Amino acid sequence: MQVSLLPAFVDNYIFALDSTEGTVVVDPGDSTVVERHLATRGSRLLAMLVTHHHPDHIGGLAALSARHPQARRIGPRDPRIACVNEVVGEGDHLSIGGCNFEVMATPGHTRSHIVYRCGKQLYCGDVLFGLGCGRVFEGSPAQMLVALDRMAALPEDTEVYCAHEYTLANARFARMVDPENAALAARVAVVRALRDLGQPSVPTRIGLERMCNPFLRCDAPEVVAAARRQTGSDLVRRADVFAALRSWKNTC
Ligand code: ZN
Ligand code: FE
């Protein structure tokens with residue numbers, strides 16, 4: 001399947017996966033953006049995959065469902081997501097348009113957040129971002145860390161399709177936490193050049209995030225030291241380091 005990034009709102013991406021059979025969209029926050037893509041390609045809508053209930057991810061579901069009643073509407077079990085007619089969860093597999101998706105439950109950003117894997121591609125909603133991670137709105141920091149650890153454990157060439165163009169904004173905090181990290185400095189330079197050209201920094205790769213993303217580096221001595229300096233406490237457990245980083249970033 002060929003992946004297109006459809007910019008929506010200020011900094012969202014809706015992902016359109018096209019095959020000869022039709023199009024699968026992930027997190028269709030805005031129906032007009034999706035309709036334009038379908039019209040341009042002359043493609044039919046096969047399915048809508050949703051990661052979580054926030055309006056910027058599901059806002060287009062109702063209008064798309066009305067116009068494309070044959071399309072599958074797939075998402076997590078959550079009463080806040082109307083229109084979904086196929087509920088999926090941890091370990092479920094979906095076969096759509098010649099692509100096999102595997103579902104992982106990743107609570108933390110929201111309690112019912114899920115992500116989808118299709119071969120080397122990971123559609124991770126608001127869990128993992130370039131050089132950052134989602135805010136912990138409903139779960140605990142420890143839960144969010146479990147979700148991030150599972151993404152970090154995927155093969156390093158996994159392409160990470162994050163739902164927001166946040167990498168450059170996240171870079172400031174990452175550099176503050178981890179100023180001596182040469183891989184991070186190099187990554188920031190690449191991302192800045194891409195953004196200057198109006199190019200997306202998404203997808204990123206798991207291997208790259210493992211080296212550069214402070215939230216995937218809660219074990220790195222320099223990251224632990226920075227979190228300890230910031231909080232003035234010992235932070236013995238990894239989850240405490242993560243929680244400290246997450247709330248530090250919220251104040252930046
Ligand atoms: Zn969200
Ligand atoms: Fe979002």
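Indexing begins at 1, ligand by ligand and atom by atom, following the structure's order. Because the structure is a prediction, the values reported are computed rather than measured.
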2.8 Å cut-off met by an N, O or S atom of [X] to the Zn ion (ligand 1):
X: Asp56; value: no
X: His113; value: no
X: His109; value: yes

Rounded distance (nearest 0.5 Å) linking atom CE of Met48 with atom CZ of Arg72: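 The distance works out to 11.5 Å.
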Spatial distance of atom CZ (Arg135) from atom CZ (Phe137) [nearest 0.5 Å]: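 Separation between the atoms: 5.5 Å.
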Residue pair Cys99, Cys118: steps toward the disulfide bond (SG atoms under 2.5 Å apart) verdict: CA-CA 7 Å; Cys99 195; Cys118 169; 2.0 Å; yes
Aromatic ring pairing His52/His113, orientation class (parallel under 30°, perpendicular over 60°, tilted between): parallel
Aromatic ring pairing Tyr123/Tyr161, orientation class (parallel under 30°, perpendicular over 60°, tilted between):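 Ring orientation, 0 to 90° scale: parallel.
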Test applied, side-chain contact (heavy atoms from CB on, under 4.5 Å); reference residue, Met1; option that passes from Ile96, Thr20, Val24: Val24
From Leu5, Leu6, Asp27, residue fulfilling side-chain contact (heavy atoms from CB on, under 4.5 Å) relative to Tyr13: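 Single pass found, and it is Leu5.
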Considering only N, O or S atoms of Asp126, the one closest to the Fe ion (ligand 2): OD2
Asp56: its N/O/S atom lying closest to the Fe ion (ligand 2) (atom name): OD2
Asp126: its N/O/S atom lying closest to the Zn ion (ligand 1) (atom name):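 Considering only N, O and S atoms, Asp126 comes nearest to the Zn ion (ligand 1) through OD2.
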His54: its N/O/S atom lying closest to the Zn ion (ligand 1) (atom name):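 Output for this pair reads ND1.
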Heteroatom N/O/S of His57 within less than 2.8 Å of the Fe ion (ligand 2): yes
The Fe ion (ligand 2) to nearest N/O/S of His164 below 2.8 Å: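 A backbone or side-chain N, O or S atom of His164 is under 2.8 Å from the Fe ion (ligand 2).
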